[in-house]
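Input: a single structure, listed below in structure tokens.
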Amino acid sequence: FHNLESYCSLNFSSFFPPECMISATELELLMQNVIFAHQETCQFRQENLQILRWETFSPEEMQNFQQKPMDQMWERCVCHITDAIQYIVEFAKRLSGFTDLNPNDQIVLLKAGAMELLLIRMSRAFNCFNNTVFFEGKYAQLELFHSLGCTDLITSMFDLCQSLCALNLSEHEMAFFNAITLLNPSYPWLQDKHKVDTLYRKIHFAFRHLLRRTHREFILMKLPEKEKLSNICQLHLEKLNIFRQMYPTIAWERFPPLYKELFISETENS
Ligand SMILES: N#Cc1cc2c(cc1C(F)(C(F)(F)F)C(F)(F)F)CC[C@H]1N(C(=O)[C@H]3CC[C@H](C(=O)O)CC3)CC[C@@]21S(=O)(=O)c1ccc(F)cc1
């Protein structure tokens, strides 16, 4: 009856133009693909983050971080963000259909979406009860990052994590939210927008199917809006530029190539 049920509860024609009709079996396979792509490419397992969630840094350890020079703290965080982004790239590559997209479009989607997916994944490593985030083995308060000199950016990241935690997203919902955030067909530089849009619609349809099955459709209206994520990403680029003006050679000499490729525009690279 499972197939029959999924046929009955799905009104294909209203949502799908012919080219992206999918069968109930294909729908199940697509759902599994998105969920496995997420589960296999998270840097930290949910259960380990849970076990450690009350392990916070001592005041001495906090002070030790706060007294690090700005460039040293930035360099450490940039290394963490670069590691985390490699997992995001792996997530994208495992999403069925992503590697079939135009190679240029794959880069455009990752350049635009990597930081957004990172912020969504960061909420998995966030303890909303004491406003701490997993960092270098324990959970850290916002103040620990003082020496980065971008407390407004970090505050908005923590606020985003709080709003995501309030939704109590399951790993499955997190997987789909990341997939639809990555496959955003409205990016201006896409060469084959239609192909991205078709894949986006299929995955969004599968997401709604999952939410319908679990009676969680309401979260669709409560997920953070696109501009909230992109505002934080914009602020990140501003803070990065300020840092680079203060330490012009660091970004060149000590930032990993992947970070530079994603966040430092080509014009400056030339
Ligand atoms: N350099 C850095 C930088 C690095 C990171 C973030 C932000 C910045 C900047 F916002 C900065 F520095 F200003 F705060 C920056 F630079 F981007 F602007 C947010 C995502 C974080 N992050 C994670 O939360 C991962 C995401 C994936 C997840 C998983 O897959 O399981 C594990 C946890 C990876 C990099 C990391 S971090 O851990 O260095 C970190 C840094 C500051 C902070 F307040 C909390 C965390």
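Atoms within a ligand are numbered from 1 in the order they appear, just like the ligands themselves.
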Is it true that F207 and F177 have ring centroids separated by less than 6.0 Å? no

With sequence neighbours excluded, give me every side-chain hydrogen bond (donor to acceptor under 3.5 Å, both in side chains) pair touching residues 36-45. H38-E171, E40-R94, T41-R121, R45-E47

Could you check ligand 1 for N or O atoms lying under 3.5 Å from protein N or O atoms and list the pairs with distances?
unit_1   : atom_1 : unit_2 : atom_2 : d
ligand 1 : 1 (N)  : V78    : N      : 3.3
ligand 1 : 30 (O) : Q43    : N      : 3.0
ligand 1 : 31 (O) : Q43    : N      : 3.3
ligand 1 : 31 (O) : F44    : N      : 3.0
ligand 1 : 31 (O) : R124   : NH1    : 3.1

Taking the six-membered ring where the residue is Trp, are the ring centres of F126 and F158 under 6.0 Å apart? yes

Does the ring center of Y247 lie less than 6.0 Å from the ring center of F243? yes

Are F65 and H146 close enough that their ring centres sit under 6.0 Å apart? no

Any salt bridge linking R208 with E217? Criterion: basic side-chain nitrogen under 4.0 Å from a carboxylate oxygen. no

